[in-house]
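Data first, discussion second: the structure below is written as structure tokens.
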Amino acid sequence: MMQKRNYYILACMIILLAIALWFFTMNSTKSLQEDAWNDVDLDTITSIEIEKGHNQKVTLTDKDDIHKIMSSLSALEVKADSSISKDFNEVYRLLVDVNGGARLGMFLYDDKYIDVYDYEASPKKNTSMKYKISNSFDKKIIHDYLK
């Protein structure tokens with residue numbers, strides 16, 4: 001009888017531990033760079049194309065501008081999210097080229113969500129990653145280049 005009770009206590013402890021681990025991993029945030037493009041050397045980025053709508057588009061090739069954009073995006077604290085809410089006003093599309101070829105594509109939905117496409121991801125199922133932005137992000141950094 002006592003041994004059966006010990007098994008029940010052990011089983012309850014394992015279940016509680018599993019729930020705690022699941023809760024911790026589901027609610028943890030990471031930096032966008034750490035989760036989405038940790039293997040991209042920012043010094044190899046040759047250009048960033050920024051587009052808003054159909055009539056606002058600019059391509060940045062200056063290393064300081066590229067560093068400013070990528071640093072601000074890299075600092076974003078994000079949490080993986082399987083869906084993106086339709087509750088947004090503006091969408092920015094960013095295309096990051098490394099050594100002349102497309103490496104990352106991003107859709108920034110206001111300052112709420114970001115969808116990242118890694119053109120060189122392997123396996124291909126890891127190509128698209130959706131995130132909810134957890135910290136504050138000043139989209140003016142990106143918007144100022146479109147003027």
Side-chain angles (χ1 to χ4, degrees), residues 7 9-147:
Y7 284 126
I9 291 172
L10 180 63
C12 288
M13 288 177 27
I14 290 172
I15 290 170
L16 288 174
L17 181 63
I19 291 170
L21 284 172
W22 176 80
F23 185 76
F24 178 74
T25 57
M26 293 307 291
N27 289 316
S28 64
T29 60
K30 296 181 179 179
S31 74
L32 187 60
Q33 178 178 5
E34 179 184 28
D35 205 50
W37 63 73
N38 204 23
D39 61 333
V40 176
D41 181 5
L42 300 184
D43 292 329
T44 62
I45 296 174
T46 52
S47 69
I48 298 178
E49 182 180 284
I50 303 171
E51 184 176 358
K52 179 183 172 195
H54 297 292
N55 55 357
Q56 293 181 298
K57 186 176 182 179
V58 65
T59 301
L60 308 175
T61 55
D62 181 71
K63 286 290 186 189
D64 291 335
D65 293 336
I66 291 170
H67 182 71
K68 183 178 177 181
I69 295 284
M70 292 305 290
S71 294
S72 66
L73 290 171
S74 295
L76 287 176
E77 290 293 319
V78 296
K79 184 170 105 173
D81 196 340
S82 60
S83 64
I84 293 178
S85 168
K86 302 289 188 232
D87 181 28
F88 57 85
N89 297 316
E90 297 178 315
V91 179
Y92 295 90
R93 184 186 66 85
L94 291 88
L95 181 63
V96 177
D97 285 347
V98 172
N99 296 325
R103 179 63 166 88
L104 297 169
M106 292 176 254
F107 288 93
L108 179 63
Y109 301 92
D110 288 335
D111 55 354
K112 299 176 183 177
Y113 297 94
I114 190 163
D115 193 355
V116 179
Y117 295 90
D118 186 344
Y119 294 103
E120 294 181 9
S122 181
K124 285 295 183 192
K125 69 177 185 171
N126 295 335
T127 303
S128 176
M129 299 158 285
K130 294 172 177 55
Y131 301 99
K132 181 172 182 161
I133 299 171
S134 300
N135 60 346
S136 62
F137 174 67
D138 185 8
K139 61 184 175 185
K140 185 177 184 306
I141 293 169
I142 293 173
H143 185 76
D144 284 349
Y145 286 106
L146 293 169
K147 293 181 179 179

Give every donor-acceptor pair under 3.5 Å between a side-chain atom in residues 129-137 and any protein atom, sequence neighbours left out.
| residue | atom | partner | partner atom | Å |
| --- | --- | --- | --- | --- |
| Tyr131 | OH | Asp35 | OD2 | 2.8 |
| Asn135 | OD1 | Glu77 | N | 2.9 |
| Asn135 | ND2 | Ala75 | O | 3.3 |

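Put simply, CG on Leu16 and CE on Met13 are 9.0 Å apart, with the number rounded to the nearest 0.5 Å. Summarising the geometry, atom CG belonging to Leu76 is positioned 7.5 Å from atom CG belonging to Leu108; distances are rounded to the nearest 0.5 Å.
Applying the side-chain contact (heavy atoms from CB on, under 4.5 Å) criterion to Glu49, with sequence neighbours excluded, gives Glu51, Lys57, Thr59, Arg93, Leu95. Judged as a side-chain hydrogen bond (donor to acceptor under 3.5 Å, both in side chains), and not counting sequence neighbours, the contacts of Tyr117 are Asp115. Every residue meeting the salt bridge (Lys or Arg N to Asp or Glu O under 4.0 Å) condition with Asp144, not counting sequence neighbours, appears here in chain and number order: Lys140, Lys147. Partners of Asp41 under the side-chain contact (heavy atoms from CB on, under 4.5 Å) rule, at least two apart in sequence or in another chain, are Asp43, Thr44.
Residue pairs meeting the side chain to side chain donor-acceptor pair (under 3.5 Å) criterion with at least one partner in residues 60-73, sequence neighbours excluded, are Asp65-Tyr145, His67-Ser71. Pairs passing the ring-ring contact (aromatic ring centres under 6.0 Å, His included) check and including a residue from residues 79-100, sequence neighbours excluded, read Phe88-Tyr109.
Asp110 and Asn89 get closest at one heavy-atom pair: OD2-N, 2.7 Å. Taking both residues in full, the closest heavy atoms of Ser74 and Ser31 are given as O-CB, 3.5 Å, listed atom of the first, atom of the second, then distance. Smallest separation of non-hydrogen atoms from Ile50 and Leu146: O-CD2, 3.8 Å.
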| message | Could you walk me through whether Lys52 and Ile142 satisfy the side chain to side chain contact (heavy atoms under 4.5 Å, CB included) test, starting with their C-alpha distance in whole Å, then the side-chain angles of each, then the deciding distance to 0.1 Å, before giving a yes or no? | response | CA-CA 10 Å; Lys52 179 183 172 195; Ile142 293 173; over 6 Å; no
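Salt-bridge check for Asp97 with Arg103: failed, with every basic side-chain N at 4.0 Å or more from each acidic carboxylate O.
Under the side-chain contact (heavy atoms from CB on, under 4.5 Å) test applied with Leu60, the options Val96, Ile45, Ile69, Thr46 reduce to a single match, Ile69.
At least one side-chain heavy atom of Asp118 sits under 4.5 Å from a side-chain heavy atom of Glu120.
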